[in-house]
Amino acid sequence: MKNIDITLLIPAFNPPAGWHHVFIERYLDFCDMFGAEIPVVLVNDGSTRDIRGEADLIALQLGQKFKYTGYQYNKGKGGALKFGASMCETDRIVFTDTDFPYDNQSMKSVIKSVQSTSGLVTGFRSEAYYADVSLFRTILSKSLRWLNKSLLGLPVNDTQCGLKAFDGQVKAILLKCETDRFLIDLELLLAASNQNIKITPVPVKLRDDIGFTRFNASVLLKEVFSFFKLIWKYRVLKKKF
């Protein structure tokens, strides 16, 4: 297999039992399809159970392509991505989740796009995404999309799609973002747009067998406050790094 100048960056917080088997299978399947050995950085985002043993099994299977890192206390997705990005040595980074929830073709499309263009590549999910999700998640997602379209002026309203790729210029912006949790995707898009960074949407599709975790109501309330804080910072104050 050829080497490729891209790193997969994956945060992990209390992944389900057997997650490492899924991780290994889907990572190797993806690399085979892409015809490349892609380095991967896994960040343990302060899991409350010890996942070092599973990470060691992944390392045994993947060898030097795999790097495991982390910290003791949970920071959130944003904190994990910033921590992991600082350790990535390639010019371009792609982030996703431990179960590789997007199908291989979507992953390949995002990587091909970031290879051929500068800036930030962001996946966006079609209307078909809502066929397999709960009513509550559908309402939440569509409401956020409506707010994004109405208030933010971004080239894509699906800001929370968990598959994104970027170059070194965007990595520098990510490391300056303040959000440590769920809305890191949104802050990254807003910060990049304020710097006139090119943002390229790419349609993506979830795997057919992907399940969804439940939202925590208290976390959602905090995210509502964070959402309007980001609007104030990037659209009213027009913050730039």
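Keep in mind it's a predicted model, so treat the numbers as computed, not measured.
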Qualifying residue for side chain to side chain contact (heavy atoms under 4.5 Å, CB included) with Val170, from Leu175, Val114, Ile197, Val121
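Result: among Leu175, Val114, Ile197, Val121, Ile197 is the only option passing the side chain to side chain contact (heavy atoms under 4.5 Å, CB included) with Val170.
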
Return the minimal non-hydrogen interatomic distance between [X] and [Y], and the atom names on each side.
X      : Y      : result
Ile93  : Cys88  : CD1-CB, 3.6 Å
Val43  : Gly70  : CG1-CA, 4.3 Å
Pro11  : Thr98  : O-CG2, 3.6 Å
Arg92  : Asp167 : CG-CA, 4.0 Å
Ser193 : Arg235 : OG-NH2, 3.1 Å
Phe124 : Asp158 : CA-OD2, 3.4 Å

Salt bridge check: are Asp180 and Lys75 linked by an N-O gap of less than 4.0 Å?
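Salt bridge between Asp180 and Lys75, a charged N being under 4.0 Å from a carboxylate O: no.
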
Short N-O contact, Lys171 and Asp91, less than 4.0 angstrom
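Asp91 and Lys171: not salt-bridged.
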
Please check this pair: side chain of [X] against backbone of [Y], looking for a donor-acceptor N/O pair closer than 3.5 Å.
X      : Y      : answer
Tyr102 : Asp97  : no
Ser116 : Lys112 : yes
Asn44  : Ser47  : yes
Arg207 : Asn104 : no
Arg181 : Glu223 : no
Ser109 : Gln105 : yes
Asn74  : Gly46  : no
Gln160 : Phe182 : yes
Asp5   : Thr90  : no

Counting neighbours of CD on Glu25 that are heavy atoms of other residues, nucleotides or ligands and sit closer than 6.0 Å, is the number greater than 12?
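At most 12 heavy atoms, drawn from other residues, nucleotides or ligands, come within 6.0 Å of this atom.
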
Heavy atoms from other residues, nucleotides or ligands near NZ of Lys229 exceed 12 (cutoff 6.0 Å):
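No, not enclosed.
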
Between atom [atom1] of [X] and atom [atom2] of [Y], what is the distance when rounded to the nearest 0.5 Å?
X      : Y      : atom1 : atom2 : answer
Lys233 : Phe228 : NZ    : CZ    : 15.5 Å
Leu120 : Thr200 : CG    : OG1   : 8.0 Å
Ile6   : Leu9   : CD1   : CG    : 13.0 Å
His20  : Leu42  : NE2   : CG    : 12.5 Å
Ile4   : Cys31  : CD1   : SG    : 9.0 Å
Asp32  : Glu37  : CG    : CD    : 10.0 Å

Please report, to 0.1 Å, the donor-acceptor pairs under 3.5 Å made by any side chain of residues 56-65, with sequence neighbours excluded.
{"residue": "Asp56", "atom": "OD1", "partner": "Arg52", "partner atom": "NE", "Å": "3.0"}
{"residue": "Asp56", "atom": "OD1", "partner": "Arg52", "partner atom": "NH2", "Å": "3.4"}
{"residue": "Lys65", "atom": "NZ", "partner": "Leu62", "partner atom": "O", "Å": "2.9"}

Please step through ring pair (Phe, Tyr, Trp, His ring centres under 6.0 Å) for the pair Phe83 and Tyr71, ending with a clear verdict.
CA-CA 9 Å; Phe83 187 84; Tyr71 36 80; 5.1 Å; yes

Can you give each donor-acceptor pair under 3.5 Å made by side-chain atoms of residues 183-192, sequence neighbours left out, with the distance rounded to 0.1 Å?
{"residue": "Asp185", "atom": "OD1", "partner": "Lys77", "partner atom": "NZ", "Å": "2.8"}
{"residue": "Asp185", "atom": "OD2", "partner": "Lys77", "partner atom": "NZ", "Å": "3.3"}
{"residue": "Asp185", "atom": "OD2", "partner": "Lys164", "partner atom": "NZ", "Å": "3.0"}
{"residue": "Glu187", "atom": "OE1", "partner": "Glu178", "partner atom": "N", "Å": "3.2"}
{"residue": "Glu187", "atom": "OE1", "partner": "Thr179", "partner atom": "N", "Å": "2.8"}
{"residue": "Glu187", "atom": "OE1", "partner": "Thr179", "partner atom": "OG1", "Å": "2.5"}
{"residue": "Glu187", "atom": "OE2", "partner": "Glu178", "partner atom": "N", "Å": "3.2"}
{"residue": "Glu187", "atom": "OE2", "partner": "Tyr234", "partner atom": "OH", "Å": "2.5"}

Among pairs that include at least one residue of residues 13-23, which meet salt bridge (Lys or Arg N to Asp or Glu O under 4.0 Å), considering only residues two or more places apart or in two chains?
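Non-adjacent pairs meeting salt bridge (Lys or Arg N to Asp or Glu O under 4.0 Å): zero.
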
Do the side chains of Thr7 and Glu89 get nearer than 4.5 Å, heavy atoms only?
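Glu89 vs Thr7: side chains apart.
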
Do [X] and [Y] belong to the same hydrophobic cluster, where Ile, Leu, Val, Met, Phe, Trp and Tyr are linked whenever their side-chain heavy atoms lie under 4.5 Å apart, directly or via other members?
X      : Y      : answer
Ile10  : Trp19  : yes
Phe100 : Leu28  : yes
Leu237 : Phe241 : no
Ile231 : Val224 : yes
Phe34  : Met107 : yes

Which of parallel (below 30°), tilted (30 to 60°) and perpendicular (above 60°) describes Tyr27 and Phe23?
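Judged by the thresholds at 30° and 60°, the geometry between Tyr27 and Phe23 is parallel.
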
